[in-house]
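First comes the structure, then the notes that go with it.
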Amino acid sequence: MAGAGGKPKAAEGPPSNFIRSIVADDVRSGKHARIVTRFPPEPNGYLHIGHAKAICVDFGIAGEFGGVCNLRFDDTNPAKEEVEYVESIQEDVRWLGFDWGENLFYASDYFERLHDWAVDLIRGGKAYVDSLTPDEIREYRGTLTKAGRNSPYRDRPIEESLDLFARMRAGEFEEGTHVLRAKIDMASPNVNLRDPALYRVRKAAHHRTGDRWCIYPMYDYAHPLSDAIEHVTHSLCTLEFADHRPLYDWCIENLDVPSRPRQIEFARLNLSYTVMSKRRLRELVADGLVSGWDDPRMPTLAGLRRRGFTPEAIRDFCERIGVAKADNLVDVALLEHCLREDLNRRAPRTMAVLRPLKVVIDNYPEGAEEELEAVNNPEDPAMGKRTVPFSRELWIEHEDFREVPPPKYFRLSPGTEVRLRWGYLIRCTGVVKDASGEPTEVHCTYDPETRGGNAPDGRKVKSTIHWVSARHAVPAEVRLYDRLFSVEAPEGPSWKEHLNPNALETLERCWIEPSLAGAAPGSHWQFERLGYFVVDEDSRSDRKVFNRTVSLRDTWARIEKKGF
RNA sequence: UGGGGUGUGGCCAAAUUGGUAAGGCACCUGACUCUGGAUCAGGGGAUUGUAGGUUCGAGUCCUACCACCCCAGCCA
């Protein structure tokens, strides 16, 4: 309780945004008894983190106001859609942490009703069958600055349109010969209103309706009506559909629909150092530039999941970026921050050596070994302790030794003493090098009095390094991932030239501590001082593969970068 | 040159009816530390696209201008 006179603390809660305000107003005014939104993916590709933003907005708003969010597949174009995608999309939305309950729908569920409404439009003189060719239609449409002209078929008798439309449905016409158009205004400054197509002939098998239909509704017609059928109150979509809103409203106003949804547009997410369009992601997959939709370098949810991202981190990210109407390019560093914050809490710490360098502790008895106690997560004592084996020969990280240490380098070098994490203090006494001068073996002595890491005489050491006992180490493969592109905003026709060639580095000869031998695929671990890693599905029981999800913040890397 | 949308510190993004620029990320410094991790404390940085105007007072209102994004699929 705040003391008398204490200033009221600003209410913590989701940051305000314009959509939340609109919905809150509508709830307050009693306009809607219950809020309904929908997430309407087209099953023609995998979901990416841009979709995650939309999902969080759609489900988030509904959830906040005690409403529901439907998952509705916008499957009105059989030529591009596949069941593989409807399945992956459901998996990804569920993985992200959202539940549509019983509300799984398909626009194709409404084809019959949509068709009947189209007939109503024709009967009312509000739509007509056009028999111009696609090229002619384009020509008649005019340009952005010049009005279009009416099709010669625009005023054909209603009965004739009705007959033609019925025959389109019956499959009597080939694709491109006839199309049903709304009769609106060929001179509209908004080209979307220049008698937009409502139905086209498509003789392709649909993944749900098979070959029952020869005509398919266009997005601009199917979407508002599907929303109305589902009693969606707020139809949230991205900015590029703002120009379509008048058409969205036209459909609703000209038909006897069961409810009046409202479309609201917000800016889509752009992330630095990656691409976000399905077209480009599909191209990366098709060209073999990545291993698939779930390549850990991809911004797809499947890729991020395999990379080791958690749904919690992604949701947190989506909340932090906000919702507005300005074009944006969000720094991927924010995503990484959210990830580290989540993984720091949940990932047990372990030790793994990625680029091994042998250390021999000369004064440690040959053949001896012992178990050292290690804390699993200093952030969470409940995660307990484990034991790690120690012996005379160890692997340490190659970069943790420098024969000639640069300024401010605190790690091992001839004469210096460091702490082995959870182990002893060791002092470097010598180094063995190969013909090219590369260190191959470092010799040290240990101080038996420092077991566990502390010196009885209180002397301090400037650095603690990780290690793995050579005799006990388990071999593993580690895949180091980095950002997919080397430029912030890969654009233009040559966008693929900016792919980061170092986005994947595979290390085949890594050593992990024995406790990691049974790590389950998908489990998250911190390799101390290195980063967060996840067990990849490519792992076999005798050979684990780890993906680096994200590195730890590396102050030394920054010092070093500035220093030289 | 038509229509729609947007412009707030490097990147996102708030700001009840105009009242005197939140917060996060990034960056820098210090403290602490058996991860150069985490954590904590502090700091730099905005004439709110520009120019005018209204007002005691404008990011919020008015005018003009500039910049950027989207639209001419029988894609979504």
Side-chain angles (χ1 to χ4, degrees), chain A residues 10 15-17 40-42 44 74 76-77 79-81 130 132-134 137-138 141-148 175-181 188-194 196-202 215-216 218-220 222-223 237-246 265 267 269 272 278 317 319-338 340-341 344-345 349 351 374-375 377-379 408-411 419-423 425 452-454 460-466 488 526-531 551-560:
Chain A
S16 84
N17 69 55
E42 182 189 16
N44 69 342
D74 239 316
T76 57
N77 187 354
K80 295 186 173 177
E81 299 152 5
D130 196 358
L132 252 24
T133 66
I137 286 183
R138 190 179 319 120
R141 184 158 34 229
T143 70
L144 293 178
T145 52
K146 262 186 312 211
E175 297 186 6
T177 56
H178 300 278
V179 66
L180 181 71
R181 291 230 255 170
S188 173
N190 180 343
V191 292
N192 294 300
L193 262 21
R194 318 239 262 229
L198 266 23
Y199 267 91
R200 76 289 212 183
V201 175
R202 274 289 170 280
I215 53 173
Y216 290 89
M218 300 288 290
Y219 166 87
D220 282 318
H223 203 87
C237 64
T238 43
L239 251 28
E240 65 269 29
F241 292 102
D243 286 338
H244 297 241
R245 193 180 342 118
E265 312 86 15
L269 165 68
S272 61
K278 265 193 227 175
F317 170 73
E319 182 161 310
R320 294 206 205 192
I321 57 177
V323 180
K325 299 185 78 162
D327 291 327
N328 59 76
L329 180 61
V330 176
D331 192 340
V332 71
L334 176 59
L335 215 207
E336 294 171 348
H337 169 82
C338 295
R340 291 190 181 105
E341 194 169 88
N344 178 49
R345 258 185 287 120
R349 269 109 248 238
M351 293 195 285
V375 172
N377 189 345
E379 301 292 316
K408 291 186 184 164
Y409 183 85
F410 302 149
R411 285 110 98 160
R419 172 167 38 236
L420 293 173
R421 180 70 155 160
W422 309 122
L425 265 38
N454 292 307
K460 299 288 183 192
V461 101
K462 293 194 95 170
S463 173
T464 299
I465 65 175
H466 60 278
E488 266 207 318
Q526 183 191 106
F527 290 173
E528 293 216 33
R529 303 207 304 133
L530 297 176
S551 64
L552 250 27
R553 282 182 68 231
D554 189 349
T555 309
W556 165 247
R558 266 181 285 166
I559 293 172
E560 194 177 33

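If you're wondering where the values come from, they're calculated on a predicted model, not measured in any experiment. Hydrogens, waters and symmetry mates are skipped; everything else that's a heavy atom, side chains included, is used. Just so we're on the same page: letters track the sequence lines, and every chain starts at 1.
For a distance-only test at 3.5 Å, the side chain of A:Glu379 qualifies as a donor-acceptor partner of the base of B:rG37. Side-chain atoms of A:Gln526 come within donor-acceptor range of the base of B:rU35, with a qualifying N/O pair under 3.5 Å. Judged by distance alone with a 3.5 Å cut-off, a donor-acceptor contact links the side chain of A:Arg411 to the base of B:rG36.
Nucleic acid contact for A:Thr145: base, since at least one base atom lies under 4.0 Å from a heavy atom of the residue. The residue A:Val375 sits apart from the nucleic acid: no heavy atom pair falls under 4.0 Å. Residue contacts for A:Lys408: at a heavy-atom cut-off of 4.0 Å it reaches a base atom on one of the strands shown. If you check every strand for non-hydrogen atoms under 4.0 Å, A:Arg419 touches a base.
Looking at which nucleotide of RNA chain B each of A:Glu528 and A:Asp327 is closest to, the 5′-most match is held by A:Glu528.
Regarding the sugar-base torsion, B:rG10 falls in the anti class, its angle being beyond 90° of 0.
Judged by Watson-Crick or G-U wobble contacts below 3.5 Å, the nucleotide B:rU6 has B:rA67 as its partner.
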Quick tally for nucleotides 71-76 of chain B: nucleotides whose base has a protein heavy atom under 4.0 Å get B, sugar-phosphate-only ones S, the rest -, giving BBSBSB

Would you mind building the protein contact string for nucleotides 40-49 of chain B? One character per nucleotide, 5' to 3', B for base within reach (heavy atoms under 4.0 Å), S for sugar-phosphate only, - for untouched.
----------

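Ranking B:rA14, B:rC12, B:rC25 by closeness to the A:Ala333 side chain, first place goes to B:rC25.
Considering every non-hydrogen atom in both A:Thr76 and A:Tyr219, the closest pair reads OG1-N, 4.4 Å.
When the side-chain nitrogen and oxygen atoms of A:His337 are compared with OP1 and OP2 of B:rC25, one or more of them lie within a distance under 4.0 Å.
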